[in-house]
Participant: 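Pasting a structure below so you can have a look.
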Amino acid sequence: MEKKVKHKEEAFLQHPALFIAVLVLGLFFMDPFEIGPVGGIEFRPVKHDIAPYKEVMGSWPRDNESRLGNGKLEFVDKVFGPESLEFNKFGHGPYTGLADGRIVRWMGQGIGWETFVIFTSNWFNKDSGDLYIADANYGPLVVGSGGGLATPLATHVAGKPILFANDLDIHKNGSIFFTDTSRKYNRVYHFFILLEGETTGRILRYDPPTKTTHVVLDGLAFPNGIQLMKYWLEGPRTGTTELNSSTRDSGSQSMDEELILQITHEDEDFSKNDGDEDVHGDLTVQENGEIVKVLEDRKGVVMKLVSEVREVEGKLWIGTVAHNHIATLSYP
Ligand SMILES: *[C@@H]1O[C@H](CO)[C@@H](O)[C@H](O)[C@H]1NC(C)=O
Ligand SMILES: *[C@@H]1O[C@H](CO)[C@@H](O)[C@H](O)[C@H]1NC(C)=O
Ligand SMILES: *[C@@H]1O[C@H](CO)[C@@H](O)[C@H](O)[C@H]1NC(C)=O
């Protein structure tokens with residue numbers, strides 16, 4: 001018996017490479033120094049019951065003409081990660097938030113891009129001209145029509161810091177509704193929200209008269225953009241998140257009857273869809289909650305990733321969080 005044990009140990013020592021490999025693997029999985037990607041993070045994957053990607057996409061309307069591929073890339077290498085685009089009440093712009101945290105505005109060929117706010121999705125109050133900003137690091141902020149230093153509006157809700165403000169919309173009564181993508185992870189760690197499937201995202205509301213912040217909806221999975229619609233804020237369906245564009249009461253888009261939404265297919269990236277084709281830029285136009293039009297760049301020739309869209313005077317302006325350009329397309 002004893003002989004056998006000894007024999008085993010000897011075998012192990014005779015193969016130092018094996019010994020080291022086991023040690024390295026052990027260190028790798030236990031990560032005692034918290035240097036791995038999830039080091040120091042309380043990573044708790046959540047299982048969701050969602051329809052398989054193929055099933056959803058199987059019945060999804062497609063753009064056989066791949067019309068987004070007819071778009072034009074503008075300001076190439078001049079803007080990095082322009083996710084949200086805005087125009088002021090005079091139609092001047094675009095204004096956009098960049099990956100470095102700045103908000104810049106296009107002043108025309110003569111001047112070019114100018115830094116507008118030193119501190120990203122944004123929205124103008126059309127009456128006051130103030131620009132409201134949802135900054136991932138600083139929460140919702142406001143800056144006057146002349147730009148400059150932005151003022152924070154809400155940094156905490158119910159005594160806890162707001163970690164990941166993402167987008168906002170202004171209610172007609174002046175309240176600011178904004179998304180807080182996660183209570184657990186900030187923007188730097190946003191990938192973990194997707195990977196873990198956690199649902200601590202919220203919609204929050206800041207009331208300027210009382211300078212107070214409130215939780216409107218809780219338990220959301222990566223709430224990203226927000227667009228106010230009457231039904232779920234007021235009336236009998238309060239609290240429901242029904243999409244009904246014809247009852248939209250706020251926003252700067254010139255369209256009244258249509259709401260353009262952006263659908264991300266980012267989950268493709270890591271769930272490795274086994275489809276035979278990649279979906280790149282994809283815009284869906286809805287009316288009364290019905291999909292009436294889909295615009296795609298099916299081969300990703302021009303638009304590889306679409307983040308947000310504005311329609312201004314016969315043109316769609318399309319922002320992207322991960323590329324160094326703004327795309328435009330004549331529309332309708
Ligand atoms: C697009 O092509 C698919 C497959 O070829 C077809 O089933 C579908 O009806 C087409 N859609 C339109 C809008 O032409
Ligand atoms: C604006 O309306 C919303 C929705 O009804 C309400 O929750 C909020 O308190 C209102 N804000 C102000 C400033 O009255
Ligand atoms: C959206 O609102 C309009 C007008 O109130 C209504 O007629 C329509 O049925 C609604 N659509 C959905 C999907 O509820």
Side-chain angles (χ1 to χ4, degrees), residues 84 86-89 95 103 117 119-136 138-146 148-183 199-261 286-289 308 310:
S84 305
E86 278 298 342
F87 291 81
N88 71 12
K89 61 181 167 189
Y95 289 69
I103 291 191
V117 185
F119 265 115
T120 282
S121 179
N122 42 31
W123 221 284
F124 276 105
N125 180 322
K126 296 288 170 187
D127 299 326
S128 64
D130 288 345
L131 177 70
Y132 286 85
I133 306 153
D135 185 285
Y138 297 98
L141 308 161
V142 64
V143 66
S145 56
L149 194 62
T151 309
L153 296 175
T155 54
H156 288 68
V157 64
K160 298 236 173 69
I162 298 164
L163 286 184
F164 193 168
N166 197 327
D167 194 15
L168 60 78
D169 198 3
I170 306 167
H171 192 274
K172 60 179 187 287
N173 67 14
S175 284
I176 314 292
F177 285 77
F178 61 103
T179 47
D180 172 28
T181 303
S182 171
R183 250 190 332 236
T199 54
T200 61
R202 296 174 294 182
I203 291 177
L204 306 177
R205 186 188 81 241
Y206 173 76
D207 295 335
T210 52
K211 293 188 166 48
T212 51
T213 311
H214 310 263
V215 177
V216 178
L217 270 179
D218 204 348
L220 306 176
F222 211 111
N224 197 341
I226 182 167
Q227 186 89 59
L228 289 179
M229 284 159 265
K230 230 177 214 147
Y231 274 162
W232 52 265
L233 293 174
E234 291 156 6
R237 304 195 206 176
T238 304
T240 65
T241 47
E242 182 169 1
L243 185 66
N244 193 326
S245 56
S246 65
T247 55
R248 224 154 63 89
D249 63 0
S250 168
S252 62
Q253 279 161 294
S254 57
M255 293 175 287
D256 289 321
E257 295 304 320
E258 294 173 313
L259 168 69
I260 293 196
L261 291 179
Q286 307 221 6
E287 190 170 357
N288 292 336
E308 230 181 271
R310 290 275 159 256

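Counting from 1, the numbers follow the sequence of the chain as shown. Both ligands and their constituent atoms are indexed starting at 1 by order of listing.
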Participant: Heavy atoms only, cut-off 4.0 Å: how does His214 contact ligand 2, side chain, backbone, both, or neither?
Facilitator: neither
Participant: Can you tell me how far the CG atom of Asp180 sits from the OG1 atom of Thr213, to the nearest 0.5 Å?
Facilitator: 10.5 Å
Participant: When rounded to the nearest 0.5 angstrom, what distance separates CG in Asn166 from CD1 in Ile203?
Facilitator: 11.5 Å
Participant: Closer than 4.0 Å to some heavy atom of Ser175 - which atoms of ligand 2 meet that?
Facilitator: 1 (C), 8 (C), 10 (C), 11 (N), 12 (C), 13 (C)
Participant: Does Thr181 reach the main-chain N or O of Pro223 with its side chain, forming a donor-acceptor pair under 3.5 Å?
Facilitator: yes
Participant: What class does the angle between the rings of His171 and Phe177 fall in, given that below 30° is parallel, 30 to 60° is tilted and above 60° is perpendicular?
Facilitator: tilted
Participant: Determine, using heavy atoms of Pro209 and all atoms of ligand 2, whether some pair is separated by less than 4.0 Å.
Facilitator: yes
